[in-house]
Amino acid sequence: MFLLFFFVFLISVPCNAQSSDDEMNSFITELMSRMTLDEKLGQLNQQQAGDITTGTPQNTDAGRLAAQGRLGSIFNIMDVQKIHDLQRIAVTQSRLGIPILIGMDVIHGYQTIFPLPIGMSATWDLDAIRESARIAAAEASANGVAWTFSPMVDISLDSRWGRQAEGAGEDPWLGSRVAEAMVQGYQGDVFASDKGTGIMACVKHFALYGAAESGLDYNTVDMSHIRMYNQYFPPYRAAVEAGVGSVMSSFNLVDAVPATSNRWLLTDVLRRQWGFQGMVVSDYASIDEMTSHGLGTLKTNSARALLAGTDMDMCANGFIGTLGQSLNEGTVTMEDIDRACRRILEAKYRLGLFRDPYRFGDAKLAKKITYCKEHRKTARRITAESFVLLKNDSIGGNPVLPLQRKGTIALIGPLVDTRTDITGSWSMAQDASKYTTLREGFERYLKGKATLLCTQGCNLIDNPHTQQAVAKGHDCQPIPFVDSDHALGEALDLARRSDVVICAMGECAWMNGEGTSRSNLELYPPQRRLLEALLQTGKPIVLLNFAGRATVLTWESQHIPAILNVWYGSECADALCDVLFGDVSPSGRLTLSMPRSTGQEPLYYNHLPTGRPVPDGTTDYRVWSPNYLDVVQGPLYPFGYGLTYSRFSYSDIRLSSSTMSADGSLTATVTLTNTGKREATEVVQLYIHDRVASISRPVKELKGFQRLTLKAGESRDVTFTITPDLLKFYNSDLDYVLEPGEFDLMIGPDSYNLQIVTFEVK
Ligand code: BGC
């Protein structure tokens, strides 16, 4: 009888497109008035798929919790049928029939997998980034997912941190634009319409997770508020302003308090200052981890996390297990629990789950669109845009790249034959059986035109245990551990018989992403040894460096004539053929600084000046100066850098005026000309430096860019409008201000190759 009443009630819920906040509020108020404490705590409880992966929902812990109304959300199930079966249990067997929120780590695609987020940012193509998120959401939604734990927008200045792979690199302004594009792409109009497409996004990890000391994952963070506001907070805030539905707190400390229970962060900054109204989920078991941080028991920490503003507990079982007791003891109130419960129910309501709990998940549609031709085509195009050409020397008067489709080509390296690693880390829903290995892609592309010879050539790393066991732990088919001498002999033989050697090397999928810090960013020793040996053959070598972070390529830059940085993707093999053989000119640009030596990390272009500036590129050691004894100053390849198959020239910068008022604007224009022989894409970059301010300001900061494709010989004017917002910063009082005075305005192809003009704000 009660269920019947509830269904009648459900049907009377107005379409969420038209429903106002008032309607939502009264629906939730009425629903909550009927909820028991246990049912409310159940909404705050999130679990991982666990035994559902192998079993059927009915006989699993999640199924039992769902039937009792004690499961608010579950994540990482990849089966529409199972998702709907579990949802059915919640909706038909639990007392109030509240639907479950199904989440997943859809990080750079569902089954059509785009480059890692760091590679997506290297496209500098916001439409492409938005489109990749839209496709990821379409596939995920059809497969039953309502909520993705993406985008990760943590600024990361230190490439020793493996999770640099999951973000947009080192720049707050670019990171903010990427954050907006991803939120828009994922969410589409999902909150606006019942028929709308999209899924809820979750900006993470709030906050400062990318600043882990010494690049060690999960390590402590300590930072001034002024730095937080100016450098680390902007992308999270941009996601909030773009309407992101949820936020995930981070594992690290902020002002010595774990983010998970940091009230200043989760309530004062996020909600009061930025106006965020969605729900906050903890990171994986982070409420439990507070005990290891030295903050006491799970019970104490669950209460703290709730009071700070965490609404949902991911996998710590702290909210469901201890908040009842804390309520009895008076350390939390019913209002605190209600507040969190309401936010979760609001997310479900806004996603339309009360009207149609099965809104996400359509087996027929899933079959039709998951890894469909159209998605693959888009992914291939975007993947090609992400590659960054770092070096392309001429041999005998001709640049090594693009290659000709003729003669004999050797494709050598540990990544040549892998199917599971081609997509990179965080490829949760990948179906590797569908993907093309590099060997297969190149064979297909070169068929009838050139001969392809392939071999592994070397081990990925020297340690057989790690190469095998760690891969398995990451659901990757381990790259075979081969006899080094034999593999080398074969590689040299193939190279000698070829006109050119392409080496596919670097990191395999488990070498970046979570928990993959490195203390040495050079190519792994067996790979370097293979390159050294191959060089002896005298054949031109093209290095494809697969990475999810900056690699130290100092030796390679001195010896290997052509280097292309590659950031994975299910369509990587085809996209590589497009670029290597010249159908497409490379257009990616680095969104991180590539150091000359690991010891330079954290290395980033937008640093604050010191009292003793040393120009980048300085080779002589200067006494009493902030330079290293043993390395040329500055990056090997700077932020914003990348080559293409053509050349561009820039005219002088033309300012509309040399002064602007504090509420005015001015424009800066350059004429860009493609002076080469091919159509190609340039990313014109705008940087600004505040010459004199009340606090020290970065030596330069990206404040705009335009990505333009020009035919050979074509010229185009590129204009940037400078508005007060581009010149503002947080001062010592954390007020967001524009201080009048002189500013340098810089335009060029990367953060180091810049023309400078000056203007004044009066
Ligand atoms: C990661 C998050 C991720 C979560 C769920 C955590 O370990 O830090 O980024 O979303 O697991 O898989």
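First listed ligand is number 1; within each ligand, the first listed atom is number 1. Nothing here was measured: the structure is a model prediction, and the numbers come from that model.
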Per-atom contacts, ligand 1 versus F75 - under 4.0 Å to a heavy atom
5 (C), 12 (O)

Does V178 reach the side chain of V153, with side-chain heavy atoms less than 4.5 Å apart?
no

Which atoms of ligand 1 have any heavy atom of F251 under 4.0 Å away?
7 (O), 8 (O)

Would you call D85 and K82 a salt bridge, using N to O less than 4.0 angstrom?
no

Examine the proximity of ligand 1 to M248 and report which part, side chain or backbone, both or neither, has a heavy atom under 4.0 Å away.
side chain

Under a 3.5 Å threshold, yes or no: a donor from one side chain and an acceptor from the other, between S593 and E170?
yes

Heavy-atom pairs closer than 4.0 Å: do any link ligand 1 to the side chain of Q48, the backbone, both, or neither?
neither

Using distance alone, determine whether Y209 and ligand 1 share an N or O pair under 3.5 Å.
no

Side chain, backbone, both or neither: K204 near ligand 1, heavy atoms under 4.0 Å
side chain

Which of the ligand 1 atoms, numbered from 1, are nearer than 4.0 Å to a heavy atom of R163
1 (C), 2 (C), 8 (O), 9 (O)

Going by heavy atoms in the side chains, are I74 and I52 under 4.5 Å from each other?
yes

Carboxylate-amine/guanidinium proximity below 4.0 Å for D105 and K204:
yes

Do NZ/NE/NH1/NH2 and the carboxylate oxygens of R549 and D217 come within less than 4.0 Å?
no

Atoms in ligand 1 flagged as close to F149, the criterion being non-hydrogen separation under 4.0 Å:
10 (O)

Under 4.0 angstrom from ligand 1, any heavy atom of H205?
yes

Any N/O pair D283/ligand 1 closer than 3.5 Å
yes

Identify, by atom number and element, the atoms of ligand 1 in contact range of Y284, meaning under 4.0 Å from any of its heavy atoms.
6 (C), 7 (O), 11 (O)

Candidate pair Y236 and W274, rule ring pair (Phe, Tyr, Trp, His ring centres under 6.0 Å), full reasoning:
CA-CA 10 Å; Y236 306 110; W274 300 354; 7.1 Å; no

Protein heavy-atom partner closest to atom 10 (O) of ligand 1 - residue, atom, separation in Å:
D105 OD1, 2.6 Å

Is W567 reaching over with its side chain to a backbone N or O of S386, donor-acceptor style, under 3.5 angstrom?
yes

